[in-house]
Structure formats: structure tokens, C-alpha cells
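Written below as C-alpha cells is the structure these notes are about.
All heavy atoms count here, side chains included; hydrogens, waters and symmetry mates do not.
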Amino acid sequence: MFKKNKILVGSILLSFAMISCTSSLQSNDSKNSNIQSVSYSKTLGRAGFLKISATKDSVISTKFGSAFNDVSAVKEKMSSEDWKKIVSAINVEDIEKTKNGEGRGYYDGPDEIFEIETTEKKYRLLNVADSTQYKQLENLKEVIKKIAASKK
């Protein structure tokens with residue numbers, strides 16, 4: 001009798017553990033599926049600017065100045081594979097925890113801005129200083145720049 005109860009309690013605990021693991025994975029996937037648009041901007045004061053905006057349907061990049069020769073100005077359709085690459089580079093839960101840095105554009109300095117819009121909220125991150133939080137954004141920047149550069 002005691003052995004049956006032990007097995008029953010163990011299997012219930014194991015079931016709860018499996019359910020909680022899959023629900024946390026599903027919640028992050030569902031938050032990422034709510035992403036409507038992503039943009040990356042870099043301003044260099046009078047030296048120029050770059051802005052790349054992506055949605056499920058299109059990628060648009062605009063630029064001014066010679067500092068951004070690696071990305072052309074484009075307005076193209078977005079493939080579903082490219083959109084998945086962008087969305088998979090984002091963890092919305094980490095974005096919610098990320099803090100903005102100070103703006104430097106007032107003094108003709110560089111500003112780096114990430115904007116992520118979901119169905120529920122719009123996130124605007126300016127000059128993120130925390131290196132652990134910036135790693136995700138740096139990866140997102142590289143992905144979105146690579147996609148925009150491939151659309152030449």
C-alpha cells in the first residue's frame with residue numbers, strides 16, 4: 001500500500017513538472033508570435049543615420065551618410081524564413097527587463113534604438129548599457145542588418 005502511494009505521488013509530481021516546462025516554452029513562443037514589427041536605428045548626429053524596419057510582410061531600410069555602406073536603402077517583401085529569423089532572435093521576457101541608457105544624440109553623439117512592437121505593448125530601448133541584456137539586442141541587430149543587406 002505504501003509503495004503504491006509513493007509511486008502515485010511520484011508520477012503526479014513528474015506530471016506537474018512536465019506540464020510547467022511545456023507551458024513556459026509555449027508562453028515564450030506565443031509572446032514571440034505576437035510580435036508585429038521590429039526596428040533598429042543608429043544615429044551618428046550630423047554623420048548620418050540608419051533605420052531598418054521589419055514586419056511579417058516587408059523590410060524597409062533608410063540611411064543617410066557614408067558611415068552605413070554595409071546596408072543599402074531597400075523596400076522589399078519579407079520572406080517567412082527571414083521573419084522567423086528575426087522573431088527567434090527576440091526573447092520578449094528579457095526585453096521587458098531591459099533598461100534604457102542615456103541618450104547622446106543631443107550632443108551629436110551616437111544613439112542606438114531598438115523598437116519591438118507586439119500586439120500588447122511597444123518596447124523602445126535606447127542605448128542599452130547592460131552587457132548581458134545587450135547580447136540579445138546585438139544578435140537581433142546583426143540578423144536584421146544581414147537580412148536588409150541581402151535585399152540589395
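In this structure Lys75 satisfies the salt bridge (charged side-chain N to carboxylate O under 4.0 Å, His left out) test with no other residue, sequence neighbours excluded. Residues passing the side chain to side chain donor-acceptor pair (under 3.5 Å) test with Thr132 are Asp130, sequence neighbours excluded. Residues passing the side chain to side chain contact (heavy atoms under 4.5 Å, CB included) test with Ser131: none are found, sequence neighbours excluded. Qualifying side chain to side chain contact (heavy atoms under 4.5 Å, CB included) partners for Lys122, counting only residues two or more places apart in sequence or in other chains: Glu115, Glu117. Among residues two or more places apart in sequence or in another chain, the side chain to side chain donor-acceptor pair (under 3.5 Å) test is passed with Glu138 by none. With sequence neighbours excluded, the residues that form a side chain to side chain contact (heavy atoms under 4.5 Å, CB included) with Lys56 are Trp83. Lys42 is linked by a side chain to side chain contact (heavy atoms under 4.5 Å, CB included) to Tyr40, Leu44, Phe68, Pro110, Glu112, counting only residues two or more places apart in sequence or in another chain. Partners of Ser53 by side chain to side chain donor-acceptor pair (under 3.5 Å), not counting sequence neighbours: none found.
Atom NZ of Lys146 sits about 13.5 Å away from atom CD1 of Ile52, to the nearest 0.5 Å. Within the model, atoms CE of Met78 and OG of Ser58 stand 7.0 Å from one another, a figure rounded to the nearest 0.5 Å. Of the inter-residue distances, the one linking Asp94 atom CG with Glu96 atom CD reads 9.0 Å to the nearest 0.5 angstrom. Ile144 CD1 to Ser39 OG: the interatomic distance, rounded to the nearest 0.5 Å, is 7.0 Å. Taken to the nearest 0.5 Å, the CD atom of Glu120 stands 11.0 Å off from the CD1 atom of Ile35. To the nearest 0.5 Å, the span separating OG on Ser80 from NZ on Lys85 amounts to 10.5 Å.
Following chains of ILVMFWY side-chain contacts shorter than 4.5 Å, one can reach Tyr123 starting from Val38, so the two form part of one hydrophobic cluster. Both Leu137 and Val71 are assigned to one and the same hydrophobic cluster, defined by single-linkage of ILVMFWY side chains at heavy-atom distances under 4.5 Å. Following chains of ILVMFWY side-chain contacts shorter than 4.5 Å, one can reach Val143 starting from Ile90, so the two form part of one hydrophobic cluster.
Within the 3.5 Å criterion, the main-chain N or O of Ser72 finds a donor-acceptor partner in the side chain of Ser61. A donor-acceptor pair is defined here as one N or O able to donate and one able to accept, closer than 3.5 Å; such a pair exists between the side chain of Asn127 and the backbone of Glu102.
A 4.5 Å side-chain heavy-atom check between Gln133 and Leu125 finds every atom pair outside the cut-off. Between Gln36 and Thr55 there is no side-chain heavy-atom pair separated by less than 4.5 Å.
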- Message: Between Ile116 and Leu140, does the side chain to side chain contact (heavy atoms under 4.5 Å, CB included) criterion hold? Intermediate values first, please.
- Response: CA-CA 11 Å; Ile116 300 164; Leu140 173 62; 4.2 Å; yes
- Before giving the answer on side chain to side chain contact (heavy atoms under 4.5 Å, CB included), spell out for Val59 and Asp82 the whole-Å C-alpha distance, their side-chain angles and the decisive distance to 0.1 Å. CA-CA 10 Å; Val59 60; Asp82 285 342; over 6 Å; no
- Do Val92 and Lys121 pass the side chain to side chain contact (heavy atoms under 4.5 Å, CB included) test, and can you show the C-alpha distance, the side-chain angles, and the key distance before you say yes or no? CA-CA 10 Å; Val92 177; Lys121 190 174 178 180; over 6 Å; no
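Identified under the ring pair (Phe, Tyr, Trp, His ring centres under 6.0 Å) test for residues 126-147, with sequence neighbours left out: none.
Closest heavy-atom contact between Lys77 and Lys151: O-NZ, 3.5 Å.
Through direct or relayed side-chain contacts under 4.5 Å between Ile, Leu, Val, Met, Phe, Trp and Tyr, Ile113 connects to Leu126.
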